[in-house]
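Written below as structure tokens is the structure these notes are about.
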Amino acid sequence: MSKHPLPSNYAPEDVETRWRAHWQKTNPYAYDPNRDRDETFVVDTPPPTVSGSLHMGHMFSYSHQDFIVRFQRMRGKNIFFPIGWDDNGLPTERRVQNLFNVKCEPHVHYDPNFKAERGRKGDPQPISRKNFIELCDVATKEDEEVFRHLWKRLGMSYDWDQEYATVNDHCRTISQLSFLELLEKNEVYQAERPVLWDVDFRTAIAQAELVDKEVPSAYHFLRFGIEGSDEHVVIATTRPELLPACVAVLVHPDDERYKQYVGKNAVTPLFQVPVPIMADPKADPEKGTGVVMVCTFGDQTDVEWVKTYSLPTRQVLDRDGHMLPIKFVQSGDTEAGNRFVSLNPADANRNYAQILGKYTKQAQKLIVALANEMAGVIDRPKQDIMHAVKYYEKGERPLELLPARQWFTRILDHKDALVVQGRKIAWHPAHMASRYENWVLGLNQDWCLSRQRFFGVPIPVWYGLGENGEVLHDKVLVPRADQLPIDPLDDVPEGFTKEQRDVPGGFTGDPDVFDTWATSSLTPQIATGGPLNPERHKKLFPMDMRPQSHEIIRTWAFYTIVKAYLHENQIPWKNVVISGWILDPDRKKMSKSQGNVVTPEPLIDQFGADCVRYWAGRARTGVDTAFDEQVFKVGKRLATKMFNAAKFVLGRFEGIDPALLGPERITHETDRAIIRELRPLIERATTAFEQFDYAQSLQLTEEFFWGTFCDNYVELSKPRTYEEELSEGRLSAAATLRLVLRALLRMFAPFMPFLTEEIWHWAYTNDADMNETIHRSPWPTLEEFAAVKEPSHAETYQIVCTVVEAVRKAKAEKNLSMKAPVKKVVVTATSKLAAALTPSIEDVNGMLHIQELQTKQEKVETPTVDVFLVTD
RNA sequence: GGGCGGCUAGCUCAGCUGGUUAGAGCAUCUGCUUUACACGCAGGGGGUCGGGGGUUCGAAUCCCUCGCCGCCCACCA
């Protein structure tokens with residue numbers, strides 16, 4: 001690329017396209033594996049979910065990462081900043097099903113010759129999990145391209161050689177290795193127990209994936225008879241359809257209303273099932289009627305009570321949320337399976353027949369209708385309420401609790417240790433640490449790892465089969481590490497042949513896949529190579545920074561901390577940097593379902609990537625920000641200003657031998673004074689950035705650039721730069737302009753990488769060497785300006801600005817042009833100060849066209865300025 | 001119910017390890033063709049820093065309390 005002629009107008013499209021292409025060729029962001037760890041800054045990049053939609057939040061939070069990375073790079077750090085794509089999970093499954101009209105059937109075998117057909121008509125074609133995953137690869141490749149394109153346009157400084165996708169062999173191997181290691185350490189285990197179950201996705205989920213939704217509901221007041229008497233108690237329930245699963249009735253031990261019934265049996269309405277009435281302090285007399293029916297899998301408390309009192313298990317829902325077949329039998333018949341003792345089996349069975357096979361919601365309607373028809377069941381009219389119900393975050397119907405065999409990772413045992421780990425990490429902003437801690441302390445279940453889905457990393461185990469073909473869950477067959485990744489539905493365990501699959505005495509593969517977080521929690525190991533590349537892992541882990549948003553503290557951050565702890569007793573990174581959300585102007589979260597999403601690319605088209613990044617840079621860590629297009633306009637103005645200012649400044653020193661423009665040439669009072677102002681800016685902007693506060697750094701730099709530099713200094717120095725002779729004053733001004741702009745450009749570079757690179761190459765690099773880049777140039781330091789002497793008075797710059805302001809104000813009040821001549825300005829100051837200021841006051845004269853200057857020497861604390869305008 | 005965060009000019013936000021008349025940008029008003037930039041420049045108006053207590057010579061900044069708003073979690077008979 002040859003040096004570009006100075007364009008007359010700032011056209012972001014042109015500038016950005018050229019530099020994007022140039023960086024693509026020169027790869028200035030490559031990671032150097034040979035440099036030491038203490039010179040390296042390691043980022044645990046968030047892999048975006050590629051099958052999800054692109055939105056403003058992406059550009060927002062990814063810009064934040066890049067600011068910090070670019071700063072660290074300019075500080076001389078070797079940057080490890082990989083990029084990954086998260087393709088696991090439900091969004092991809094759904095996309096592939098629609099795209100190719102297929103469905104995954106875990107028990108169909110792999111067909112190596114299978115060819116998918118886009119937009120195929122007819123019924124979905126059943127294919128094996130392996131074939132399905134191959135299709136996911138095809139689809140996600142296309143989705144990745146969309147993100148890759150955006151990241152490049154946005155100017156993300158990734159090392160594109162360190163790219164990964166969470167579904168590729170490497171990631172599946174890392175994920176399966178992690179599982180096997182934790183299995184060996186007894187940190188994962190399988191158990192059959194009630195789990196949170198989504199009836200649409202037909203899978204178990206983890207506590208971290210729960211969300212509450214406020215939904216309309218109602219209390220139904222049902223009369224339970226007291227066995228052997230005419231009395232009854234009334235219970236209030238929101239789930240009358242679970243009545244067949246009722247196994248006990250509880251009251252508070254001190255509740256005078258019901259004390260007399262404890263020890264007796266209640267009889268459920270409609271089904272006439274006798275159940276014990278027991279006293280339990282957890283029964284709240286204030287809630288409902290103070291009487292609670294315990295259903296085997298009603299809610300978490302029910303599950304606890306069933307366990308505490310060894311109550312019988314009555315499963316009434318299947319995995320789709322339908323009412324299971326149940327038979328009510330006479331007392332004396334054995335109660336087993338779904339046979340429950342009833343005082344009146346005939347009525348009970350007739351009533352149950354009405355709801356058999358129905359989905360819960362419909363069953364509820366029917367059972368309420370039935371109760372209303374029958375005398376003595378309903379005690380009083382239902383009471384409508386709104387209450388929060390647990391949902392899977394991606395689900396559309398309420399979760400149920402169902403008994404199922406699942407794999408779990410132990411986390412309850414490690415709660416305290418995990419809190420300690422969290423405290424070893426610096427959270428930015430700091431208060432985000434309490435979100436983590438809150439979450440850890442509130443955990444009440446181990447991490448459910450297995451999902452009854454298809455697209456994901458397979459759980460790498462098989463089970464032996466018994467004589468009768470029953471699955472022997474105790475007989476877990478594991479692969480060797482060097483066999484990974486495996487799919488137990490296609491691969492065969494050692495010591496078996498493929499003919500022995502699913503036959504008595506043979507083996508069967510675990511049909512489940514991991515929770516996507518089981519893999520995502522390993523992004524550090526995926527990037528370093530983890531156990532597959534111990535040398536490199538040791539060098540890069542723990543990492544320096546994890547950037548992410550706050551809603552996934554309980555998932556991504558938490559699980560990553562869990563894995564690092566369980567595997568290595570380590571923290572995964574030293575810093576977590578949290579980005580907020582983009583809210584729409586009404587302060588609602590922008591999301592696709594809300595229809596308030598602004599798509600990213602048109603904004604880049606309109607304003608340029610630098611402006612979009614500027615917009616992101618204005619938001620502090622962790623702070624949710626209302627989307628405000630005004631900010632883009634401000635960014636655009638800043639870019640234009642920078643473009644114009646740079647062009648001008650460059651013209652002021654162009655053609656002068658750079659050897660004459662070093663810091664030692666800065667001899668003039670005003671010039672030394674602005675350098676004195678620049679020093680604290682460099683210090684503060686640097687400190688802010690070191691503390692991950694990019695927004696503060698940007699704000700300080702912007703203020704200095706616009707106010708101190710452009711509006712005042714450039715004007716003050718202008719007359720001297722137009723002198724014909726290469727006088728000391730002119731050289732001093734030219735050197736100052738050159739060096740201050742050079743520092744400011746670098747301080748803007750992390751935010752506006754395209755424009756700053758452009759300007760950098762106009763003036764600050766060797767023409768021949770196009771490998772030079774502002775992005776690998778050193779971040780400004782005080783040492784650069786060490787050769788510049790202090791001004792003779794510490795407050796010169798401020799006082800000069802006061803004088804300027806006074807003159808400007810006087811002119812503005814008379815509606816005069818700034819170039820209107822001023823008859824006289826009198827600055828009253830102490831003699832020492834007046835003497836010190838004289839050279840700078842000369843600059844003011846030149847700038848504001850003052851005909852006569854007087855410095856009056858008096859003993860005043862602060863200088864005063866009197867302005868005498870020309871009056872006709 | 002618990003936790004966290006926020007409430008500062010019309011709007012979006014800084015400031016909050018206590019210290020001169022509380023800041024910026026946008027918006028608004030008055031001017032200015034000033035040879036880098038009208039995508040500019042200068043100047044003005046506009047806030048009892050959510051309410052109420054307290055500590056202090058001094059509080060937007062510290063403490064207490066109340067009120068809204070948001071997020072997270074728990075309970076959900």
Side-chain angles (χ1 to χ4, degrees), chain A residues 8-10 207 210-212 214-215 217 219-222 234-239 249-251 282-295 298-302 385-390 429-439 441-444 550-551 553-554 580-581 583 585 587-589 618-620 622-631 633-652 695-696 699-700 702-703 706-707 710-711 714-715 718 722 804-805 807-820 847-849:
Chain A
S8 54
N9 285 307
Y10 171 53
Q207 191 182 351
L210 278 181
V211 287
D212 280 356
E214 280 284 327
V215 294
S217 179
Y219 278 134
H220 298 277
F221 297 91
L222 304 178
V234 177
I235 64 118
T237 178
T238 56
R239 302 280 320 256
V249 166
L250 298 189
V251 296
K282 271 198 187 165
D284 183 350
E286 303 295 318
K287 278 190 195 167
T289 59
V291 188
V292 52
M293 72 170 186
V294 180
C295 302
D299 62 37
Q300 208 69 43
T301 327
D302 284 344
I385 55 163
M386 289 294 286
H387 77 161
V389 176
K390 286 188 200 318
H431 67 81
M432 288 296 171
S434 57
R435 291 219 190 175
Y436 168 81
E437 216 161 299
N438 250 8
W439 172 253
L441 293 172
L443 284 166
N444 56 31
H550 46 64
E551 86 276 14
I553 289 175
R554 68 175 182 171
W581 282 342
L583 308 173
R587 306 212 68 88
K588 298 247 169 35
K589 190 193 177 189
R618 291 254 305 221
R620 307 187 112 68
V623 177
D624 294 345
T625 305
F627 179 79
D628 180 4
E629 201 169 295
Q630 199 61 54
V631 179
K633 293 186 183 154
V634 176
K636 184 78 182 286
R637 284 180 43 226
L638 174 63
T640 305
K641 185 83 174 176
M642 213 185 295
F643 180 90
N644 287 317
K647 244 179 24 166
F648 172 73
V649 166
L650 162 58
R652 300 296 78 216
Q696 170 84 347
Q699 191 185 322
L700 292 168
E702 186 182 357
E703 272 169 21
W706 206 295
C710 289
D711 293 345
V714 171
E715 299 300 328
K718 204 179 266 182
Y722 280 113
V804 167
E805 198 178 310
V807 178
R808 280 172 169 168
K809 189 166 179 174
K811 289 186 179 180
E813 275 168 359
K814 299 275 190 219
N815 289 348
L816 290 172
S817 155
M818 283 303 129
K819 76 175 186 187
M847 167 185 175
L848 288 163
H849 309 276

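Here is the naming used below: chain letters follow the sequence lines, and residue numbers restart at 1 for every chain.
- The nearest whole Å value for the distance from the CG atom in A:L441 to the P atom in B:C4 is 12 Å.
- Comparing the P positions of B:C26 and B:A42 gives an interatomic distance of 11 Å, to the nearest angstrom.
- Considering every non-hydrogen atom in both A:K811 and A:L848, the closest pair reads NZ-O, 2.7 Å.
- Judged by atom type and distance alone, A:K636 does not reach the base of B:C39 through any side-chain donor-acceptor pair under 3.5 Å.
- Applying the salt bridge (charged side-chain N to carboxylate O under 4.0 Å, His left out) test to A:R239 and every residue at least two apart in sequence or in another chain returns A:E241, A:E400.
- Rounded to whole angstrom, the span from the CG atom of A:D711 across to the C1' atom of B:G40 amounts to 9 Å.
- Between A:T237 and A:M293, the shortest heavy-atom contact is OG1-CE, 3.6 Å.
- When rounded to the nearest whole Å, the span between CZ of A:F643 and P of B:G40 equals 15 Å.
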Report the C-alpha separation of A:M818 and A:M847 in whole Å, then their side-chain angles, then the decisive distance to 0.1 Å, and conclude whether the side-chain contact (heavy atoms from CB on, under 4.5 Å) test is met.
-> CA-CA 9 Å; A:M818 283 303 129; A:M847 167 185 175; over 6 Å; no
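- For the side chain to side chain donor-acceptor pair (under 3.5 Å) test, residues two or more places apart in sequence or in another chain that qualify with A:T301 are A:D299.
- Here the C1' atom of nucleotide B:C41 and the NZ atom of A:K819 are 14 Å apart, to the nearest Å.
- Protein atom CD of A:E715 is 10 Å distant from nucleotide atom C1' of B:C37, rounded to whole Å.
- Nucleotides B:G47 and B:A14, compared at atom C1', are 15 Å apart to the nearest Å.
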Reading nucleotides 24-31 of chain B from the 5' end, what letters show protein touch, with B for base, S for backbone sugar-phosphate only, - for no heavy atom under 4.0 Å?
-> -SS----S
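- The phosphate of B:U35 (OP1 or OP2) has no side-chain N or O of A:K718 nearer than 4.0 angstrom.
- Atom C1' of nucleotide B:C39 and atom CD of A:E629 are separated by 15 Å, given to the nearest angstrom.
- For the side-chain contact (heavy atoms from CB on, under 4.5 Å) with A:V389, the qualifying choice from A:V215, A:V211, A:D212 is A:V215, the only one to do so.
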Could you encode protein contacts along nucleotides 71-77 of chain B as a string, one character per nucleotide from 5' to 3', using B for base contact, S for sugar-phosphate-only contact and - for no contact, with a heavy-atom cut-off of under 4.0 Å?
-> S-SSBBB
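- As rounded to whole Å, 13 Å separates atom C1' of B:G3 from atom CE of A:M432.
- Comparing B:G40 with B:U33, their C1' atoms are spaced 11 Å from each other, to the whole Å.
- The separation of B:G6 from B:C49, taken at their C1' atoms, amounts to 14 Å, rounded to a whole angstrom.
- Separation of atoms CZ (A:R808) and CG (A:D711) is listed at 6.5 Å; rounding is to 0.5 Å.
- Of all heavy-atom pairs between A:T640 and A:Y10, the closest is OG1-CD2, 3.8 Å.
- The gap from the P atom of B:C63 to that of B:C4 amounts to 13 Å, rounded to the nearest Å.
- Side chain of A:T625 to main chain of A:A619: no donor-acceptor pair is present (N/O by atom type, distance under 3.5 Å, no hydrogens or angles).
- Within 4.0 Å (heavy atoms only), A:K809 reaches sugar-phosphate atoms of the nucleic acid but no base atom.
- We find that CH2 of A:W706 is positioned 15 Å from C1' of B:A42, with the value rounded to whole Å.
- To the nearest whole angstrom, the two P atoms, one in B:C13 and one in B:C7, are 10 Å apart.
- Across B:A24 and B:C64, the matching C1' atoms stand 33 Å from one another, rounded to whole Å.
- Nucleic acid contact class of A:Y722 (heavy atoms, under 4.0 Å, all strands): sugar-phosphate only.
- Judged purely by atom type and a 3.5 angstrom limit, A:Q207 has no side-chain atom pairing as donor or acceptor with the backbone of A:L443.
- The line from OH of A:Y219 to NZ of A:K287 is 8.0 Å long, rounded to the nearest 0.5 Å.
- Summary of the strand contacts: A:Q699 and A:N9 both lie near RNA chain B, and taking for each the nucleotide with the nearest heavy atom, the more 5' one is attributed to A:Q699.
- With pairs defined as Watson-Crick or G-U wobble and both atom distances under 3.5 Å, the stems of at least three pairs that touch RNA chain B come out as B:1-7 with B:67-73, B:10-13 with B:23-26, B:28-32 with B:40-44, B:50-54 with B:62-66.
- By the side chain to side chain contact (heavy atoms under 4.5 Å, CB included) test, A:A810 is found to be paired with A:V867, A:L869, residues two or more places apart in sequence or in another chain being considered.
- As rounded to the nearest Å, B:U20 and B:G44 have C1' atoms that lie 23 Å from one another.
- Geometrically, A:K718 engages A:F648 in a cation-pi contact defined by less than 6.0 Å to the ring centre and at most 45° from the axis.
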